[in-house]
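Inspection log for the structure reproduced underneath, given as structure tokens.
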Amino acid sequence: MTEKSLFGTTADGRQVFAYRLSNRNGVSATILDYGCTLQSVCIPLHGKTVDVCLGYDTVREYEQNDGYLGAIVGRYAGRIPKATLKLGEQVYPLCQNDGENHLHGGRIGFDKAIFDAELSEHAVCLSHVSPDGDEGYPAALSVRIVYTLTDDDVLTIRCEGVSNGTTVWNPTSHAYWNLNGHDSGSALDHTLCIPAERYVPTDDALIPLAGEAPVSDTPFDFRIPKTFRNALKTPCAQIRNGFDHSFVLSPGTIGLAGTRGIRIQITTDCKAVQLYTANFLSERIGKGGVRYAPHHAVCLETQSRQIGRDLIVPEESLLSANEMKSHTTAFRFLYR
Ligand code: GAL
């Protein structure tokens, strides 16, 4: 079932709507047309409803706070070093919104756009056109983001892009998961499993150093499930204030489990996932007056491989004129 309701109004007077998808088991997901934001995911557990994703109750908080809570970030998720996009011989200066680098699509990325929405029985399809030159990116880019919730408790997020010229494209969902409930504090006791043999070490500005490195004998080895707390016990210069790194995915399922019986299994056709333990989630008030703070959530941002210091754009995020690219990530919720 899908329902539409008015969520609020932006500072400049535009209406923001909420789309609530629900299934026969009582699982629901609420998506805003503002930023294509996943505002809540509610799971029934022992007669109660647990909201497992961090967010806000008002448009104003989404407009004013940093952190991209639940948004689809883009055009390009992650950092582009020196805010310099190199496509063949052409160099495009992008908006510098993270020191000298470009982050998550710039100052006014997808997370700040109001998408056009279309509802169907189990899905909401959100579309948006980012004009040529938007935040410095070349070519006009049309995106469609489709959220679907099935009766077997799978929430899929499909991202489709087509442009009228050569450009880059790498959106992701920046959902902040806390499977014990968004109001339950630290998520460091969650258990994570990532089928990845390699991760990408970074410098202090979180820009990739020299390519990928093996996970073996590092805290980045999540091939066998472990808690963040345990992983963080192994000393490692790469761990600054938690995890904030890209993993190159092998075939398999990413698993995240809370301590109260809710788990997610994530499958994707993306080549990489950014693991971010909400290190920069400064103290703030979220939904229902709840206090959020660093490490209160885990983001698993499925996306393309990273652009490194050599500025080489991975082929999966290159779009040529009129070519359609897409990727899909499925989140299966398990609870008892
Ligand atoms: C993550 C990124 C972090 C931080 C965060 C937003 O995707 O890896 O470094 O920028 O988004 O606060």
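Each ligand, and each atom within it, is numbered from 1 in the order the structure gives.
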* Mode of Asn279 contact toward ligand 1 - side chain, backbone, both, neither (heavy atoms, under 4.0 Å) -> neither
* Structure fact -> Near Leu206 (heavy-atom distance under 4.0 Å), the atoms of ligand 1 are 9 (O)
* Structure fact -> For Asp244, the ligand 1 atoms with a heavy-atom partner under 4.0 Å come out as 2 (C), 3 (C), 8 (O), 9 (O)
* Asked: Side chain, backbone, both or neither: which part of Arg79 has a heavy atom under 4.0 Å from ligand 1?
  -> side chain
* Taking a hydrophobic cluster as the set of Ile, Leu, Val, Met, Phe, Trp and Tyr residues connected by side-chain heavy atoms closer than 4.5 Å, whether directly or through intermediates, do Leu155 and Leu69 fall within one such cluster? -> no
* Asked: Can you check whether Asn241's main-chain N or O pairs, donor with acceptor, with His295's side chain at less than 3.5 Å?
  -> yes
* To do: Could you walk me through whether Ser130 and Val143 pass the side-chain contact (heavy atoms from CB on, under 4.5 Å) test, one step at a time?
  => CA-CA 8 Å; Ser130 161; Val143 286; over 6 Å; no
* Could you see which bit of Leu281 sits under 4.0 Å from ligand 1, with heavy atoms only: side chain, backbone, both or neither? => neither
* Got a donor-acceptor contact below 3.5 angstrom from the Arg75 side chain to the Gly109 backbone? -> no
* Check whether any side-chain N or O of Asp269 sits under 3.5 Å from a backbone N or O of Thr328 as a donor-acceptor pair, and report yes or no. => yes
* Asked: Given Gln303, Gln274, His174, His245, which one has a non-hydrogen atom that is nearest to atom 1 (C) of ligand 1?
  -> His174
* If Ile, Leu, Val, Met, Phe, Trp and Tyr residues are connected whenever their side-chain heavy atoms lie under 4.5 Å apart, and connections chain through other members, are Ile72 and Leu32 in the same group? -> no
* Is there a donor-acceptor pair closer than 3.5 Å between any side-chain N or O of Glu160 and the backbone N or O of Met324? -> no
* Structure fact -> Of all protein heavy atoms, the one nearest atom 12 (O) of ligand 1 is Tyr276 OH, 3.6 Å
* Structure fact -> closest protein heavy atom to atom 7 (O) of ligand 1 is Glu301 OE1, 2.7 Å
* **Numbered atoms and elements of ligand 1 in range of Tyr68, under 4.0 angstrom, heavy atoms** => 6 (C)
